Amino acid sequence: MESIKVFCPATIANISCGFDVLGVALDSVGDEMLVKKTKEKGIHISKLEGQDLPLETLKNVAGVAGLALLEKSNYQGGFEIEIYKKIKAGSGIGSSAASSTGAVWAMNQLLNEPFSSLDLVKFAMEGERLASGVAHADNVAPALFGGFTLVRSYNPLDVITIPSPKQLFATVIHPQIEIKTSDSRKILKTNITLADGIKQWGNVGGLVAGLFKQDYDLIGRSLVDHIIEPVRSILIPSFDAVKKVTLQNGAIGCGISGSGPSIFSFSKGEETAKRVGIAMAEIYQNIGIDYDVHVSKINSEGIKILN
Ligand code: ADP
């Protein structure tokens with residue numbers, strides 16, 4: 001195989017109580033990439049459509065993640081990459097992770113899979129380091145493995161895949177305002193109280209158990225964030241109002257997607273997820289902020305080959 005076209009899913013990270021550790025891949029939202037083997041060494045990004053992002057290898061997360069893979073490979077050639085962005089950069093649904101994982105996953109396929117999925121997570125994390133200054137794995141892991149993933153430990157890196165209940169749907173609204181990941185990290189407190197810690201890890205355990213048991217009520221009860229959301233939500237206009245209408249319309253839970261400004265909610269069934277999307281959209285229509293809404297089932301495979 002000399003070239004491959006792939007779908008690279010959008011992802012929700014920082015799922016409520018699972019800040020920096022829990023993420024999930026979406027099915028109907030994502031970028032496309034075409035990756036070709038070349039005789040010349042290195043990575044060349046020849047095309048980037050849909051967003052205004054740098055083509056320079058060292059400034060694009062696909063280039064940086066790809067170079068991390070090449071450094072560990074015996075392959076003597078290089079790769080040319082075309083990126084078709086559908087996910088807006090800085091939206092909070094893993095735009096950078098889609099490009100860095102798509103690049104390394106496609107390259108691994110073209111080289112006959114010398115690397116494990118965990119190796120690919122590590123290469124893609126170098127792209128995340130470029131995007132946000134922190135090599136976090138909670139977007140790249142679900143993009144590569146599919147479904148929900150838990151980053152149990154960063155050192156050593158330990159990623160656990162978690163099954164997704166069949167009828168679980170995500171609704172994501174992206175209000176078109178800019179929040180820099182670095183700014184939304186800066187406002188976080190570095191210490192937490194023991195009381196908050198106890199509530200938070202109770203919910204992480206409950207959420208993981210709920211996903212395994214396909215227990216939607218338990219998932220909903222556990223989608224609570226006592227630590228990050230109260231601080232970060234002040235950066236997102238009408239966050240409390242949006243959250244309230246999602247729950248009134250039948251969503252089982254709602255929180256900040258990634259570092260915002262996108263807001264996600266989970267529902268049982270597509271109909272409810274669509275109704276929740278309409279209710280979320282009304283809030284931003286009323287205050288005059290443009291938005292995108294996505295309704296998606298959970299993507300259980302991660303990156304997929306396109307014909
Ligand atoms: P998201 O919030 O959607 O996860 P990030 O904030 O993680 O997005 O990443 C966006 C940042 O990464 C922007 O600063 C953007 O310029 C940079 N970047 C570099 N290459 C890419 C790429 N191929 N796709 C998306 N963002 C990229």
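First listed ligand is number 1; within each ligand, the first listed atom is number 1. As the structure is a computational prediction, the values presented were derived from the model and not from experiment. All residue numbers refer to positions in the sequence shown, counting from 1.
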*Asks:* What I want to check is whether the side chains of Q51 and K88 have a donor and an acceptor closer together than 3.5 Å.
*Replies:*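 On atom types as modelled, these side chains do not qualify, holding no pair under 3.5 Å.
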*Asks:* Transitive ILVMFWY cluster of L194 at side-chain heavy atoms under 4.5 Å: who else is in it?
*Replies:* I198, W201
*Asks:* Does a salt bridge link D240 with K243, judged by any charged N lying under 4.0 Å from a carboxylate O?
*Replies:* no
*Asks:* Distance-only check: which donor-acceptor pairs under 3.5 Å involve side-chain atoms of residues 10-18, not counting sequence neighbours?
*Replies:*
from, atom 1, to, atom 2, distance (Å)
T11, OG1, N139, ND2, 2.9
N14, OD1, D20, N, 2.9
N14, ND2, G258, O, 2.9

*Asks:* Which residue pairs satisfy the ring pair (Phe, Tyr, Trp, His ring centres under 6.0 Å) criterion with at least one member in residues 137-170, sequence neighbours excluded?
*Replies:* F148-F266
*Asks:* Identify all N/O pairs between ligand 1 and the protein with a separation under 3.5 Å and present them as a table of atom names and distances.
*Replies:*
from, atom 1, to, atom 2, distance (Å)
ligand 1, 2 (O), G92, N, 2.9
ligand 1, 3 (O), S91, N, 3.4
ligand 1, 3 (O), S91, OG, 3.4
ligand 1, 3 (O), G92, N, 3.2
ligand 1, 3 (O), G94, N, 3.4
ligand 1, 3 (O), S95, N, 2.9
ligand 1, 4 (O), G94, N, 3.2
ligand 1, 4 (O), S95, N, 3.4
ligand 1, 6 (O), T181, OG1, 3.3
ligand 1, 7 (O), S96, OG, 2.6
ligand 1, 8 (O), G90, N, 3.3
ligand 1, 9 (O), S96, OG, 3.3
ligand 1, 20 (N), V61, N, 3.1
ligand 1, 23 (N), N60, OD1, 2.9
ligand 1, 23 (N), S99, OG, 3.0
ligand 1, 24 (N), K85, NZ, 3.0
ligand 1, 24 (N), S99, OG, 3.3

*Asks:* For Y75 and T38, work out which heavy atoms get closest and say how close.
*Replies:* OH-O, 3.3 Å
